[in-house]
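Below is one structure; the comments refer to it alone.
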Amino acid sequence: VSFTITIQVFNRGCKLTSFFLSDKGLCVLTAISVICYLLCFVSGRINGASNWIIIGGISIQGTEICKLIYYWVLGAVVNRPKFEKYGGRILVFFAVNAVCLALNSELGYMLIISVVTLIMLLICTENPEELIRSMKTPGIIMIMLMIAGCVVVICTMNFGLESGFIWGAIDKIKGRVLGFLYPQQYPDTYGYQSEMISVVLFNGGFFGSDRETILPVAESDMIFAVTVAKLGLIFGLAIIMLYILFLVLGTKIAYEKKN
């Protein structure tokens, strides 16, 4: 949400972004996003993680690009005067991204963009009736598709079809939830990374340590745990306090603004 609001402020003061705020520019960004999603379908896997676009010796997770583009487009549209008339477009754009993320088994990202979209619409709209009216038709279609999707998932589970994309996505969600709630019960599978984080967080002591981190793929994952291990618990607490301060000051500024 903070990133999306920052885009709004940045776009107001930067003329270089004017093209990407126009309808043509937003269409270009949407096309780039769709291409990245398509590349993710044929992407490689790095250390068990999917959705990596690998070109030569360069690799990047395509859904990260799509996520940033989504926030940019959302921030640009809700920044327009009387943006409520674009509610249908916002909903369609959200649906396309949600479906693509689901097909790529990125249900966590799908939840994030859902929450961010809802919050941005709630805090930016000045005419809820117009927004609801513009979203009515695509909203009904989305609800029908969601019901159909739920029926497919239920049938898949009840008829024991334990293979294919749907079961794989369900299994991934199950693993994430179990690994988060009960890491001790799955130390070698779902909970392995959580267990390693618990060890690493306290290995550095209060002021950090030069000992080698035992986190898997420490150079590109779990940056907070690595930071605390190298620089200490005090530095980690300082980072948390900065986030809290950012939240408090941002809320204070928003509360004091009349417009």
Q: Please name the pair of heavy atoms, one in Ile65 and one in Cys36, separated by the smallest distance, quoted to 0.1 Å.
A: CG2-SG, 3.9 Å
Q. Is the closest basic N to carboxylate O distance between Glu256 and Lys252 below 4.0 Å?
A. yes
**Q.** Side-chain touch Phe235/Thr227, heavy atoms, less than 4.5 angstrom
**A.** yes
**Q.** Cluster check Leu91, Leu122: I/L/V/M/F/W/Y, side chain < 4.5 angstrom
**A.** no
Q) Would you say Tyr86 and Val28 are hydrophobically clustered, going by side-chain heavy atoms of ILVMFWY under 4.5 Å? A) yes
Q: Kindly work out whether a path of hydrophobic side-chain contacts (I/L/V/M/F/W/Y, heavy atoms less than 4.5 Å apart) joins Ile119 to Trp72.
A: yes
Q.
If you define the side chain from C-beta out and look only at heavy atoms, does anything of Phe246 sit under 4.5 Å from Leu242?
A. no
Q) Ignoring hydrogens and geometry, is there a side-chain-to-backbone donor-acceptor pair from Ser134 to Leu131 under 3.5 Å? A) yes
Q) Of Val34, Ile32, Thr30, Asn97, which is the lone residue that meets side-chain contact (heavy atoms from CB on, under 4.5 Å) with Ile69? A) Ile32
Q) Within the distance-only criterion (no hydrogens, no angle test), does the side chain of Glu84 pair as donor or acceptor with the backbone N or O of Glu129 below 3.5 angstrom? A) no
**Q.** Derivation and outcome, side chain to side chain contact (heavy atoms under 4.5 Å, CB included), residues Leu101 and Tyr70
**A.** CA-CA 12 Å; Leu101 287 170; Tyr70 181 85; over 6 Å; no
Q. Within the distance-only criterion (no hydrogens, no angle test), does the side chain of Thr125 pair as donor or acceptor with the backbone N or O of Leu121 below 3.5 angstrom?
A. no
Q: Report yes if some heavy atom in the side chain of Val77 is under 4.5 Å from a heavy atom in the side chain of Phe93; otherwise report no.
A: no
Q. Hey, are the side chains of Val78 and Ile90 touching, using non-hydrogen atoms and a 4.5 Å cut-off?
A. yes
Q: May I ask you to test the Phe94-Leu74 pair for a side-chain heavy-atom distance under 4.5 Å?
A: no
Q: Group every Ile, Leu, Val, Met, Phe, Trp and Tyr by side-chain heavy-atom contacts under 4.5 Å, then state whether Ile143 and Ile140 land in the same group.
A: no
Q) Okay, side chain of Ser33, backbone of Leu29: is any donor-acceptor separation there less than 3.5 Å? A) no
Q) Measuring from Met120:CE to Ile123:CD1, what's the distance to the nearest 0.5 Å? A) 4.5 Å
Q. From Arg89 CZ over to Phe83 CZ, what is the distance, rounded to the nearest 0.5 angstrom?
A. 13.5 Å
(Q) Applying a strict under-4.5 Å side-chain criterion to I, L, V, M, F, W and Y, I'd like to know whether Leu247 and Val115 cluster together. (A) no
Q.
Within the 4.5 Å heavy-atom criterion, are Tyr37 and Val96 side-chain neighbours or not?
A. no
